[in-house]
Protein chains: 2
Amino acid sequence: MASVSRAMNGGSGVTAETSERIHAAASRLQYVPHAAARMLITRRSNTIGALLPDLYGEFFSELIRGIDLAARARGFHLLVSSSHDGAEEAAAAVRSMQGRVDGLLILSARVDAAFLRSNLPKSLPVVLINSAVNSTAHAVLNVDNFGGASAMVRHLLQAGHSSVAFIAGPKSNFDAQQRDQGYRTAMAKYAPNAPIHIVAGDFTEESGYRAGRELLAQRTRPRAVFAANDMMAVGCLTAFKEAGLRVPQDIALAGFDDIPVARYVTPPLTTVRIRIVELGRIALEHLVAQLDKADPAPASVQTLGCEIVVRDSCGAGTA
Amino acid sequence: MASVSRAMNGGSGVTAETSERIHAAASRLQYVPHAAARMLITRRSNTIGALLPDLYGEFFSELIRGIDLAARARGFHLLVSSSHDGAEEAAAAVRSMQGRVDGLLILSARVDAAFLRSNLPKSLPVVLINSAVNSTAHAVLNVDNFGGASAMVRHLLQAGHSSVAFIAGPKSNFDAQQRDQGYRTAMAKYAPNAPIHIVAGDFTEESGYRAGRELLAQRTRPRAVFAANDMMAVGCLTAFKEAGLRVPQDIALAGFDDIPVARYVTPPLTTVRIRIVELGRIALEHLVAQLDKADPAPASVQTLGCEIVVRDSCGAGTA
DNA sequence: GGCAGCAACGTAATCGTTTTCATGCAAGTT
DNA sequence: AACTTGCATGAAAACGATTACGTTGCTGCC
């Protein structure tokens with residue numbers, strides 16, 4: 001019956017008394033409108049999809065939490081598809097989400113402009129998180145990796161460490177590239193005479209350990225080491241401890257991300273904090289904004305700031 | 001056209017040649033079947049819902065990963081709704097998932113038998129994870145908190161620690177209750193003459209710290225302390241360090257969960273490991289099994305084992 | 001009192017797929 | 001050669017909501 005629909009959706013053109021009767025009957029019969037039927041005619045699912053790579057622990061859960069909270073606050077459901085290593089898998093995931101979601105949140109290093117063009121109907125609103133894609137066709141939300149890394153390098157230099165080495169992340173990773181750039185730029189600006197000193201890493205604890213040993217084996221040991229993420233910093237810390245070095249007295253250490261572990265290692269790790277819940281929330285709200293106005297492409301690029309968290313590992317201790 | 005449907009779903013009754021032509025046309029037009037229309041007639045969404053409480057970091061992400069991987073392997077989508085503190089919110093979430101999901105995975109301390117009865121149509125397959133509900137109407141998948149706790153107490157006693165104190169979790173929490181029982185039972189069995197020594201906690205790091213101080217303030221100090229989860233063990237460790245005690249020489253310490261932090265504190269924490277990814281995977285497969293056979297209620301209760309991870313904090317060091 | 005106008009409500013079309021049923025064609029059987 | 005059998009295919013109903021449109025009945029004005 002048409003009046004039922006009007007009453008249930010709070011529409012106008014129904015007597016208060018009729019609406020009352022309908023609601024009473026609905027709750028008595030435990031009536032719930034059939035989602036599929038509504039989707040079919042409305043062409044809206046009130047669901048947004050999140051496409052995530054196989055990323056680790058804390059970052060993942062915080063991001064989902066941010067997205068989920070914001071989604072529920074706006075009456076949207078959240079369809080998750082995580083753990084995509086290859087572009088293959090991601091493409092399959094995107095296709096199978098077709099039509100089930102009103103919009104898509106994508107966080108994936110493997111997704112580039114070509115991928116988007118060939119796998120997404122251009123009518124589907126998308127927000128890319130931490131993506132190198134610089135398309136004018138999609139909204140992009142990035143973390144200020146560059147600014148965070150620069151600020152950390154500056155902090156280390158100002159704390160009196162004359163030389164700062166950098167443990168890089170995987171070359172293909174966009175975040176890693178930006179952090180690398182931040183290091184180089186800040187070094188050139190604040191310590192133009194100090195050497196640029198970079199060793200390779202791949203964001204794993206193991207690679208941080210190897211990088212730490214490599215640094216100690218070289219003839220000139222840096223005064224401070226800045227790892228492109230916290231896990232590598234933790235691995236590096238192990239290497240330093242094994243070598244009998246004291247942190248921060250003999251060598252300072254800093255990381256990036258502020259994962260929970262950073263607080264618990266000894267000494268606690270100075271790092272760059274990303275407000276992950278916030279990242280998820282903002283991404284979702286951008287997406288919802290796109291849905292509301294039928295504008296084809298806002299194509300905004302927003303950057304979320306980071307903040308430096310000073311703990312004991314860099315020798316400019318809080319206490 | 002009917003043949004299109006048959007061809008797309010790999011049904012029989014279509015010539016190879018016709019099927020070929022249809023698939024060619026489909027990919028040329030980038031045709032994707034409309035999910036809602038299919039749901040409407042099929043009465044299946046190929047989606048399962050996960051209802052989760054506001055749980056922290058690693059556990060959450062690992063659980064989702066396990067569920068997601070298993071779901072994708074079986075062609076199901078995953079609709080997530082997390083961060084439910086109250087029964088109110090959980091009820092709303094359940095209702096709004098009505099009809100969008102073929103089955104529900106529920107992990108929530110607040111959900112009891114009455115809740116299920118009043119909020120779920122009994123036709124909807126459900127698997128409860130770590131739930132105190134002992135209903136015969138729903139499948140339940142639990143972690144062997146009791147066995148894990150018993151085994152840890154036994155391990156501590158056999159390592160030569162004559163007395164073992166326990167830092168309990170929140171009274172209302174089902175896991176905490178079972179771990180408490182495990183402690184009591186193992187103490188009675190393996191050290192019938194040693195005192196039962198329990199201090200309160202609530203699973204937070206802060207409460208572990210307070211418990212640690214409380215233990216030290218009492219006139220008889222236990223030889224070993226077993227915290228009902230790792231976060232409390234970490235807090236407790238801080239208290240011990242502040243008091244100048246050496247772990248494990250002066251006092252041994254063990255936790256439960258094996259969260260990543262356990263490996264990184266100094267000394268690394270002996271703990272009970274839960275295979276979380278496995279937990280998620282098994283839960284999902286139980287649910288899917290329910291979907292396939294239209295059996296009304298399997299009502300099975302399965303328990304997933306734990307294993308003890310021995311690190312340095314309990315004085316029975318690996319190395 | 002009659003007619004215009006408006007609000008409330010019901011009828012029916014619609015969304016895109018699955019599925020049942022009927023149709024037609026080809027081959028096999030007597 | 002006629003009839004049965006079987007299979008590929010198309011036509012049409014069904015799923016359950018939304019919504020445009022038409023109908024009813026009331027109010028109020030002339």
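What you are looking at is a predicted structure, and each value in this text was computed from that prediction instead of being measured.
Running 5' to 3' along DNA chain C, contacts with non-hydrogen atoms of chain B at under 4.0 Å begin and end at C/dG16 to C/dT20.
Rounded to an integer number of Å, the gap from A/Leu29 CG to D/dG16 P is 15 Å. Atom pair B/Arg43:CZ and D/dA14:C1' shows a separation of 10 Å (rounding to whole Å applied).
A/Arg74 is listed as a side-chain neighbour of A/Glu285, based on a closest heavy-atom distance under 4.5 Å. For the pair A/Phe76/A/Leu287, no side-chain contact is recorded, criterion being any heavy-atom separation below 4.5 Å from C-beta on.
The shortest non-hydrogen separation linking A/Cys306 to A/Ile274 is SG-CG1, 4.4 Å.
No hydrogens or angles considered: a donor-acceptor pair under 3.5 Å links the side chains of A/Thr47 and B/Arg100. Side-chain contact annotation: B/Asn142 with B/Thr303, donor-acceptor N/O pair under 3.5 Å absent. With hydrogens and angles left out, the side-chain atoms of B/Arg38 and B/Asn9 include a donor and acceptor closer than 3.5 Å.
Between its two ends, the helix from C/dG1-D/dC30 to C/dT30-D/dA1 turns its axis by 60°, counting five pairs per end and rounding to 10 degrees.
None of A/Asn173, A/Asn145, A/Asn229 except one satisfies the side-chain hydrogen bond (donor to acceptor under 3.5 Å, both in side chains) rule with A/Arg179; the exception is A/Asn145.
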Test log, rule side chain to side chain contact (heavy atoms under 4.5 Å, CB included), inputs A/Asp54 and B/Arg65: CA-CA 9 Å; A/Asp54 197 357; B/Arg65 172 171 323 207; 2.7 Å; yes

For B/Leu69 and B/Arg281: C-alpha separation, side-chain torsions, deciding distance, then whether side chain to side chain contact (heavy atoms under 4.5 Å, CB included) applies. CA-CA 7 Å; B/Leu69 284 172; B/Arg281 187 183 63 73; over 6 Å; no

Which letter, B, S or -, goes with each nucleotide of nucleotides 17-24 of chain D from 5' to 3', with contact meaning a protein heavy atom under 4.0 Å? SSB-----

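Around the CD atom of A/Gln30, the shell of radius 6.0 Å holds no more than 12 heavy atoms that belong to other residues, nucleotides or ligands.
Of the residues near DNA chain D, B/Arg21 and B/Leu40, the one whose nearest nucleotide (by heavy atom distance) lies more toward the 5' end is B/Arg21. Sequence order on DNA chain D of the closest nucleotides to B/Glu17 and A/Ala36 puts B/Glu17 first from the 5' end.
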